[in-house]
Amino acid sequence: MSSSSMRRIAGRLVRGLKPEYFEAYNEEFVQTFLKPRKVGGRLRWKAPLLGARQVAELRKETLMSGKPWPYERQRKPQALHVKKKGRTHYNNKEERAAMIAENMKDMDERMEAHTRALREQRPRKHTLYTLLKLHEVEPRLRQNQSAGGKKKKKKNKK
């Protein structure tokens with residue numbers, strides 16, 4: 001069949017969008033409307049005579065009339081349910097809760113050790129005491145002092 005007669009038939013199909021038109025023609029002929037085709041023996045392709053929207057409307061019309069659409073594409077079977085991996089922190093919730101509970105047992109001791117370490121790192125205030133390095137000299141002075149202590153002043157009695 002020539003291309004002009006094919007266009008005329010395609011025009012009738014598009015205008016009326018009646019699925020009965022497809023029953024009058026063989027399947028190979030109808031495929032020329034639905035799929036791209038090679039022109040002659042060359043490597044040129046021509047677009048299908050019916051667009052995808054028009055084919056979808058024809059298919060819908062056919063299915064609504066209760067007949068099966070004979071040109072249904074073969075689809076790959078899909079798995080019923082594939083469990084997705086999800087986010088890592090959702091999957092590890094129980095492990096994290098157990099680890100946190102275990103770490104909280106000795107948290108008081110850890111906090112005390114941490115504050116002690118921070119205090120030791122902290123530079124001391126520059127007072128006269130530290131500038132003269134009396135904190136190093138004082139223990140030696142204490143060793144040299146006698147155990148007597150301070151002397152009391154006597155009150156004058158009249």
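In the hydrophobic clustering (ILVMFWY side chains linked at under 4.5 Å, chained through shared members), Tyr90 stands by itself. Membership of the apolar cluster around Met111 extends to Ile100, Met104, Met107, as traced through chained side-chain contacts below 4.5 Å between ILVMFWY residues.
Summarising the geometry of Pro70 relative to Pro68, their closest heavy-atom pair is CD-O, 3.2 Å, with the distance given to 0.1 Å.
With sequence neighbours left out, Glu95 forms a salt bridge (charged side-chain N to carboxylate O under 4.0 Å, His left out) with no residue at all. Under the side chain to side chain donor-acceptor pair (under 3.5 Å) criterion, Glu72 pairs with Arg59, sequence neighbours left out. With sequence neighbours left out, Arg53 forms a salt bridge (charged side-chain N to carboxylate O under 4.0 Å, His left out) with Glu57. With sequence neighbours excluded, the residues forming a salt bridge (charged side-chain N to carboxylate O under 4.0 Å, His left out) with Asp106 are Arg110, listed by chain and number.
With values rounded to the nearest 0.5 angstrom, Lys93 atom NZ is found 13.0 Å from Thr88 atom OG1. With rounding to the nearest 0.5 Å, the separation of CD in Glu112 from CD in Glu109 is 7.5 Å. Put simply, CZ on Arg73 and CG on Leu34 are 11.5 Å apart, with the number rounded to the nearest 0.5 Å. Atoms CZ and CG, from Arg116 and Leu118 in turn, are 11.5 Å apart once rounded to the nearest 0.5 Å.
Looking at Arg37, its side chain does come within 3.5 Å of a backbone N or O of Ala47 through a donor-acceptor pair.
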